[in-house]
Amino acid sequence: MPHDTTLIGTIVAGLGVAFLMGALAHRLKISPIAGYLLAGILVGPFTPGFVADTGLAMQLAEIGVILLMFGVGLHFSLKDLLSVRKIAVPGAILQIAVATALGMMLGLYLGWPVEGSAVFGLALSVASTVVLLRALQARDMVETEKGRIAVGWLIVEDLVMVLALVLLPAMFGDRADDANGAGLLQSAGVVLLKVVGFAAFMFLIARRVLPWVLHWVAHSGSRELFRLAVLAIALGVAFGAAVIFDVSFALGAFFAGMILGETQLSRRAAEETLPLRDAFAVLFFVSVGMLFNPEVLTEQPGPVLATVAIIVVGKSLAAFALVRAFGYKSQTALTISVSLAQIGEFSFILAGLGVGLEVLPETGRDLILAGSMLSILLNPILFTLAVKRIRADEPIEKRPGDVAEEAPEPCNAGVVLIGYGRVGSHIGGMICGRGEGLTVIEDQKDMAAAAREAGATVIVGDATKESILRQAGLEDASTLLIAIPEGIEAGAIVRRARAINPRLVIVARAHSDEEVNDLVRRGADHVVMAERETASRMAERAMLARA
């Protein structure tokens with residue numbers, strides 16, 4: 001074929017093999033992340049067979065980081081960020097210092113120079129954006145106090161890494177001989193000025209322009225243009241932040257999402273970017289696997305174990321102690337410490353820069369990659385153990401909005417409604433308007449607030465999770481109304497709800513004959529197909545008009 005198919009081949013191989021390995025991991029009931037990492041090893045340069053382009057894979061993975069951080073920003077307000085600054089800023093800095101010191105000790109023990117050991121330790125101190133957010137999102141923790149602290153902590157770590165990436169070339173580049181204390185202070189001042197300038201630009205100018213642009217596109221009525229506008233804002237702000245202000249792609253995307261999150265279109269923007277976020281997040285894990293050389297496990301088992309111990313044990317203990325020292329409960333400290341017990345994208349960038357400046361030995365980069373691979377594999381297991389421990393101490397963790405604070409009385413009268421969007425809000429309005437009790441499960445804060453105002457009891461969470469369904473009192477409910485438009489999620493909810501309460505009357509919503517058949521097969525009693533009901537009503541109106 002005369003055309004260059006490197007990019008297409010990388011995407012096809014990455015997503016195709018990731019699907020196969022992810023399906024295998026799901027079948028074995030382990031984290032899909034393990035399958036994605038294994039897929040990267042299979043298409044990487046250290047195993048026989050097809051070899052994908054590592055450089056292209058890393059750039060595709062960076063897009064995933066941008067879209068993921070943009071999505072987090074849509075649900076993370078400035079108020080939430082400022083509310084955790086007192087622990088996130090000092091906690092992240094002290095934890096970075098502890099992890100860097102531990103890494104330096106290992107590097108010096110292996111005979112590396114002080115500067116190389118420092119770069120090695122610094123690379124072990126920063127957690128992966130994708131891994132942390134995936135873990136929090138999978139457990140509906142992003143909007144909890146634990147989640148806000150973890151995300152704020154992560155942002156501070158990103159800022160410190162941005163500073164390090166600028167200072168390292170000044171210290172060890174071609175002009176390192178001319179560098180002195182004053183020069184380093186000047187470089188640090190320039191970095192700080194750029195970060196402050198970026199923040200000022202976003203809150204003084206972009207905060208007015210970006211929402212106006214998005215509202216203008218929304219009023220055009222074109223869904224295609226709206227989706228394109230959201231992606232252009234997310235990627236454009238991230239790229240501009242990196243090129244103009246020298247801050248990270250992830251930080252720029254987070255600020256863009258946080259600004260748009262203050263608008264009424266935030267939910268729609270999040271929905272439009274979700275498929276791409278998932279696809280490119282998978283490519284991130286594949287790219288990590290491609291960088292991993294399995295031979296390092298047999299050639300240097302001792303240093304690999306020590307590296308993993310620093311990441312998983314050293315960092316976690318330091319974070320746990322720091323969070324407890326700030327007066328937070330052990331459950332919060334445990335969640336934060338486990339969230340940070342891995343390393344990722346910034347670690348790779350820092351390791352590559354260190355090797356390029358001839359400061360960090362190539363062995364150090366191999367150990368960082370091995371530590372990243374193993375810590376990412378271990379993280380879902382550690383998170384599961386931590387959640388079990390937290391649930392043992394606190395059977396049900398209540399978040400702001402989980403139960404309506406102003407409801408006249410607890411509404412557990414037998415009807416549970418899932419989804420309070422365009423359809424669900426009409427259903428809820430009619431039920432609550434008749435004075436009947438209603439429990440609503442909704443995962444978006446604005447929709448949950450609307451349900452609460454209507455007088456319903458509100459559970460904020462993912463209705464596909466059994467724990468959320470039980471929290472809504474499904475064991476004792478008489479009727480379950482599923483008003484969400486997503487057929488796959490609705491099918492999972494029907495199956496779990498039927499297992500919880502076999503006597504439950506389940507009414508679901510569908511958009512095709514295939515969805516109707518699937519929902520009935522999974523246990524739904526009644527399925528309403530919107531198109532079919534619309535056609536029937538229109539036909540009735542037509543016959544009445546002719547009569």
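Considering only heavy atoms from C-beta on, Phe120 stays 4.5 Å or farther from Pro361 through its side chain. Within the 4.5 Å cutoff, no side-chain heavy atoms of Ile41 are placed close to those of Phe46. Proximity of Val126 to Ser347: side-chain heavy atoms (C-beta onward) are separated by under 4.5 Å at one or more points. Using a 4.5 Å cut-off on side-chain heavy atoms (C-beta onward), Glu442 and Val460 make no contact. Annotation: side chain of Phe255 is not in contact with side chain of Val237 (no heavy-atom distance under 4.5 Å). Counting heavy atoms from C-beta on, the side chains of Gln95 and Trp153 come closer than 4.5 Å. At least one side-chain heavy atom of Leu353 sits under 4.5 Å from a side-chain heavy atom of Leu357. Val217 has its side chain out of reach of Val230: every pair of non-hydrogen atoms, C-beta onward, lies at least 4.5 Å apart.
In this structure, CE in Met258 is found 8.5 Å from CZ in Arg207, a value given to the nearest 0.5 Å. Between the CG atom of Asp53 and the CD1 atom of Ile11 there is a distance of 11.0 Å, given to the nearest 0.5 Å. Taken to the nearest 0.5 Å, the CG atom of Leu378 stands 11.0 Å off from the CE atom of Met373. Considering CH2 of Trp112 and OG1 of Thr363, their distance stands at 6.5 Å, rounded to 0.5 Å. Rounding to the nearest 0.5 Å places CG of Leu350 at 10.0 Å from CD1 of Ile343. Note that CG of Leu214 and CD1 of Ile259 are 12.0 Å apart. Values are rounded to the nearest 0.5 Å.
Residues satisfying the salt bridge (Lys or Arg N to Asp or Glu O under 4.0 Å) criterion with Asp518, sequence neighbours excluded, are Arg521, Arg522. Here Glu466 pairs with Arg470 under the salt bridge (Lys or Arg N to Asp or Glu O under 4.0 Å) rule; sequence neighbours left out.
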Check residues 291-316 and write down every donor-acceptor pair under 3.5 Å in which the side-chain atom is one partner and the other belongs to a residue at least two apart or another chain.
residue : atom : partner : partner atom : Å
Asn293  : OD1  : Glu295  : N            : 3.2
Thr298  : OG1  : Glu295  : O            : 3.0
Thr307  : OG1  : Pro303  : O            : 2.8
Lys315  : NZ   : Leu340  : O            : 2.9
Lys315  : NZ   : Gln342  : O            : 3.1
Ser316  : OG   : Val312  : O            : 2.6
Ser316  : OG   : Ser337  : O            : 3.2

Cut-off 3.5 Å, no hydrogens considered: what does the side-chain donor-acceptor table look like for residues 57-73, sequence neighbours left out?
none

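Within the 3.5 Å criterion, the main-chain N or O of Leu204 finds a donor-acceptor partner in the side chain of Arg208. Distance alone, capped at 3.5 Å, is enough to place a donor-acceptor pair between the Asn379 side chain and the Val338 backbone. Of the possible donor and acceptor atoms, none in the side chain of Thr10 sits under 3.5 Å from a partner among the backbone N and O of Leu56. Arg496 places no side-chain N or O within donor-acceptor distance of the main-chain N or O of Lys465, the cut-off being under 3.5 Å.
For the residue pair Gly152 and Ala88, the shortest heavy atom distance occurs at C-CB, 3.6 Å. In terms of heavy atoms, Ala463 sits closest to Ile468 at CA-CG2, 4.4 Å. The two atoms that bring Val286 and Ala18 nearest to each other are CG2-CB, 3.9 Å, heavy atoms only. Across all their heavy atoms, Ala241 and Gly252 have their closest contact at CB-CA, 3.8 Å. Listed here is the closest heavy atom pair of Ile96 and Ser125: CG2-OG, 3.6 Å.
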Exercise for review: Starting from the C-alpha separation in whole Å, work towards a yes-or-no answer on side-chain contact (heavy atoms from CB on, under 4.5 Å) for Val151 and Phe254.
Suggested key: CA-CA 10 Å; Val151 173; Phe254 176 82; 4.2 Å; yes
Practice item. Start with the C-alpha gap between Ile368 and Leu360, add the side-chain angles, then the distance that decides, and say whether side-chain contact (heavy atoms from CB on, under 4.5 Å) holds. Key: CA-CA 11 Å; Ile368 290 171; Leu360 178 69; 4.1 Å; yes
Check your understanding: Can you list the steps and then say if Leu122 with Met161 is a side-chain contact (heavy atoms from CB on, under 4.5 Å)?
Key -> CA-CA 8 Å; Leu122 196 61; Met161 291 304 112; 3.8 Å; yes
Exercise for review: Show your working on side-chain contact (heavy atoms from CB on, under 4.5 Å) between Phe348 and Arg365 and close with a plain yes or no.
Suggested key: CA-CA 8 Å; Phe348 311 145; Arg365 180 176 59 184; over 6 Å; no
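The aromatic rings of Phe239 and Phe249 sit parallel, their planes meeting at an angle under 30°, below the 60° perpendicular limit.
Residue pairs meeting the side-chain hydrogen bond (donor to acceptor under 3.5 Å, both in side chains) criterion with at least one partner in residues 221-233, sequence neighbours excluded, are Arg223-Glu272, Arg227-Glu272. Evaluation of the side-chain hydrogen bond (donor to acceptor under 3.5 Å, both in side chains) test over residues 366-375, restricted to residues two or more places apart or in two chains, returns none.
Ring centroids of Phe284 and Tyr36 are separated by 6.0 Å or more, keeping the two rings apart.
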